[in-house]
Amino acid sequence: HCVPVYEGYALPHSIVRSDVGGRDVTDHLQLLLRRSGLSFTTTAETDLVKQIKEDTCYVALDPAKAEEEADKVGGGGGHAAAATYQLPDGQTVSMS
């Protein structure tokens, strides 16, 4: 929930709930991987996508600073160096 405060008082009519969490991020990563040609459909494969997310993804506390650092590391373009993840079948997934 996001609770706006004005002069020390909460504004109950303006409280908003944002339903974005870990599972939403996992589902979106699964969609991006599907678009790149990898199919993750079973629950075991969804757990694998969750593990990939937990190992390679993060939320930046200061997005502007993180983007600047990514530009320095990745040589511009807003992307950091690609992280690689090896699937149980030996296939390698590159995340950038």
Side-chain angles (χ1 to χ4, degrees):
H1 286 88
C2 180
V3 181
V5 177
Y6 180 71
E7 293 185 0
Y9 295 99
L11 303 175
H13 65 281
S14 299
I15 295 174
V16 178
R17 178 181 169 134
S18 177
D19 292 327
V20 177
R23 186 160 191 185
D24 297 313
V25 175
T26 302
D27 291 343
H28 188 68
L29 178 58
Q30 190 170 359
L31 174 69
L32 293 174
L33 291 170
R34 189 177 316 125
R35 287 181 181 169
S36 72
L38 299 168
S39 178
F40 297 99
T41 54
T42 66
T43 54
E45 291 169 337
T46 301
D47 288 341
L48 182 63
V49 173
K50 180 182 173 187
Q51 187 65 40
I52 293 171
K53 175 194 74 172
E54 291 173 354
D55 289 346
T56 60
C57 301
Y58 69 96
V59 176
L61 295 175
D62 186 0
K65 182 178 177 183
E67 190 171 333
E68 287 176 19
E69 290 175 3
D71 284 341
K72 290 177 187 174
V73 172
H79 298 289
T84 57
Y85 190 87
Q86 186 168 3
L87 301 176
D89 65 354
Q91 203 174 11
T92 303
V93 177
S94 178
M95 311 249 318
S96 60

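Quick caveat: nothing in here was measured; it's all calculated off a predicted structure. Excluded from the calculations below are hydrogen atoms, water molecules and symmetry mates; all remaining heavy atoms, backbone and side chain alike, are included.
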ask   = CG of Asp47 to OG1 of Thr42: how many Å apart, nearest 0.5 Å?
value = 8.5 Å
inquiry  = Nearest 0.5 Å, please: how far is CE in Met95 from CD1 in Ile52?
reply    = 6.5 Å
message = Hydrophobic clustering (ILVMFWY, side-chain heavy atoms < 4.5 Å, transitive) - are Val49 and Tyr85 grouped together?
response = yes
What side-chain donor-acceptor pairs closer than 3.5 Å can you find for residues 29-41, not counting sequence neighbours?
residue: Gln30; atom: NE2; partner: Phe40; partner atom: O; Å: 2.4
residue: Ser36; atom: OG; partner: Leu33; partner atom: O; Å: 2.8
residue: Thr41; atom: OG1; partner: Glu45; partner atom: OE1; Å: 3.4

task = For Arg17, enumerate each residue passing the salt bridge (Lys or Arg N to Asp or Glu O under 4.0 Å) test, keeping only those at least two apart in sequence or located in another chain.
result = Asp19
request  = Answer yes or no: are there more than 12 heavy-atom neighbours, outside Leu11 itself, under 6.0 Å from its atom CG?
outcome  = yes
task = Could you pull out all residues at least two apart from Lys50 that satisfy side-chain hydrogen bond (donor to acceptor under 3.5 Å, both in side chains)?
result = none
remark   = Across all chains, not counting sequence neighbours, the side-chain hydrogen bond (donor to acceptor under 3.5 Å, both in side chains) partners of Gln51 are Asp55
inquiry  = For Leu48, is there any backbone N or O sitting under 3.5 Å from a side-chain donor or acceptor partner on Lys53?
reply    = no
By side chain to side chain contact (heavy atoms under 4.5 Å, CB included) - contacts of Val5 (at least two apart) = none
task = Provide the full list of side chain to side chain donor-acceptor pair (under 3.5 Å) pairs with a residue in residues 4-15, sequence neighbours left out, each pair given once.
result = none
